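This chain uses plain numbering: 1 for the first residue, then up along the sequence. Keep in mind that what you see is a predicted model, and the values were worked out from it rather than measured.
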Amino acid sequence: MKTVQDYIRTIPDFPHEGIMFRDVTTLFSDARGFRIAIDQLLHPYAGQPIDKVVGLEARGFILGGAIAHQLSVGFVPIRKKGKLPGKTIEQDYTLEYGQATMEVHDDALQAGEKVLLVDDLLATGGTAEAGIKLIERMGAEVIGCAFIIDLPDLGGRKKLESLGMNVHALCQFDGE
């Protein structure tokens, strides 16, 4: 029986030489693989109250939408700066080679809502940390952070756990 990791393609030297890119589009394009991933991402949160699913741009939108549908709850996108219409709040974060900004509509979450944060990959944790800060600034509570892939050598899990987050990943790859 195939595991989620079996559906993930590795592309060497993308986007830069020395990077082993973990491509989840091969997982998404396989109906069985995609179903397994969604079910396994949800499993640790069975029975927990979840009011909204928040997905981080861009592959987190695919996962988050499917999970929100499965839970019959709303979906909230957190996007790169300048992509959302209307009033937003923003959060800067550090990338490997600089800084970026994420934003969310200022009325997307309500105080007290329980939120599951979703993305495809956890590397350094900068994007997820920015998402968590945005969620918490609106008064909502992150009940968990779910990822398909963890790259433990880059320290993202430790960063999120140091913030008190419950982190769930379906598989991990060593190295960058």
With the 4.5 Å side-chain cut-off for hydrophobic clustering, are Leu109 and Leu163 part of the same group? yes

Close side-chain approach of Gln48 to Lys114, heavy-atom, < 4.5 Å: no

Find out whether Met138 and Val104 are in side-chain contact, i.e. whether some heavy atom of one side chain is under 4.5 Å from a heavy atom of the other. yes

More than 12 heavy atoms of other residues, nucleotides or ligands under 6.0 Å from NZ of Lys80: yes or no? no

Could I get the full list of side-chain hydrogen bond (donor to acceptor under 3.5 Å, both in side chains) partners for Asp119, not counting sequence neighbours? none

In plain terms, say whether Glu103 and Lys81 are close enough for a salt bridge, that is, a side-chain N and a carboxylate O under 4.0 Å apart. no

Can you name the residues that form a salt bridge (charged side-chain N to carboxylate O under 4.0 Å, His left out) with Arg157, not counting sequence neighbours? Asp150, Glu161

In terms of heavy-atom contacts, Asp174 and Asp153 come closest through C-OD2, 3.6 Å

Just grab all the ring-ring contact (aromatic ring centres under 6.0 Å, His included) pairs involving residues 44-87, residues at least two apart or on different chains. none

Check whether any side-chain heavy atom of Asn166 lies under 4.5 Å from a side-chain heavy atom of Ile143, and answer yes or no. no

Search all heavy atoms of Ile132 against all heavy atoms of Cys145 and return the closest pair with its distance. CD1-SG, 3.9 Å

Going by distance alone, is a donor N or O of one side chain under 3.5 Å from an acceptor N or O of the other, for Asp106 and Thr88? no

Judged by atom type as modelled, is there a donor-acceptor pair below 3.5 Å linking the side chain of Thr124 to the main-chain atoms of Leu154? no

Within-4.5 Å side-chain heavy-atom neighbours: Phe28 and Ile148: yes

